[in-house]
Amino acid sequence: SAQAFPNLTRLSLENCRVTDRGLCAVGASCAALCELNAAWNGANISDLGVCAVAAGCPRLTLVDVSGSSVSDRGLSILAAGCPGLRRIGLRQCERVSEAG
């Protein structure tokens with residue numbers, strides 16, 4: 001479980017059927033996380049999970065949520081919660097607009 005790794009800095013959950021509930025656990029347990037790949041988990045990842053990660057993982061510099069249902073709102077909260085964010089993967093995120 002993520003709780004066993006409080007010093008974890010990189011985590012790849014790409015195409016692992018992870019859900020918002022899983023991202024909430026990451027947000028609650030991995031405060032040192034710098035890189036998170038949660039791509040290609042489809043509609044199972046939404047603003048709810050991204051907001052939990054933003055609240056619990058302020059050191060993030062890279063996040064990939066390609067293929068998810070994350071929207072502009074989730075991106076805004078992620079950017080506010082993670083001021084050091086340099087890269088966000090958003091391929092095939094249909095709920096993200098050009099403005100987002």
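Just so you know, these numbers use all the heavy atoms, side chains as well, and skip hydrogens, waters and symmetry mates. Counting begins at 1 with the first residue of the sequence. What you are looking at is a predicted structure, and each value in this text was computed from that prediction instead of being measured.
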Nearest heavy atoms of Pro6 and Ala32, plus distance in Å: O-CB, 3.7 Å
For Asn44 against Val18, the heavy-atom pair lying closest together: CB-O, 3.3 Å
Whether Thr61 side chain and Cys34 backbone form a donor-acceptor pair below 3.5 Å: yes
Pairwise distance SG(Cys57) to CG(Leu85) - rounded to 0.5 angstrom: 11.5 Å
From CZ (Arg10) to CG (Leu36), nearest 0.5 Å: 12.5 Å
Arg95 side, atom CZ; Asp72 side, atom CG - distance, nearest 0.5 Å: 9.0 Å
Atom of Pro58, atom of Ala31 and distance for their closest heavy-atom approach: CD-O, 4.1 Å
Nearest-0.5 Å distance, OG of residue Ser66 to CG of residue Asn41: 10.5 Å
Test: Arg87 and Asp64 ion pair at under 4.0 Å: no
Least distance between heavy atoms, Ala52 atom then Leu23 atom: CB-O, 4.3 Å
Single-linkage hydrophobic cluster, 4.5 Å side-chain cutoff, Val63 and Trp40 together: no
Within-4.5 Å side-chain heavy-atom neighbours: Leu90 and Leu75: yes
From Ile45 atom CD1 to Cys93 atom SG, the distance as rounded to the nearest 0.5 Å: 10.5 Å
Minimum-distance pair of heavy atoms, taken over all atoms of Gly49 and Asp20: N-OD1, 3.2 Å
Val65-Leu62 co-clustered via ILVMFWY side chain contacts under 4.5 Å: no
Heavy atoms of other groups near Arg73 CZ, more than 12 under 6.0 Å: no
Nearest heavy atoms of Ile77 and Ala54, plus distance in Å: O-CB, 3.7 Å
Ile88 reachable from Leu11 in the ILVMFWY side-chain graph, under 4.5 Å edges: yes
Interatomic spacing from CZ in Arg59 to SG in Cys30 - rounded to 0.5 Å: 12.0 Å
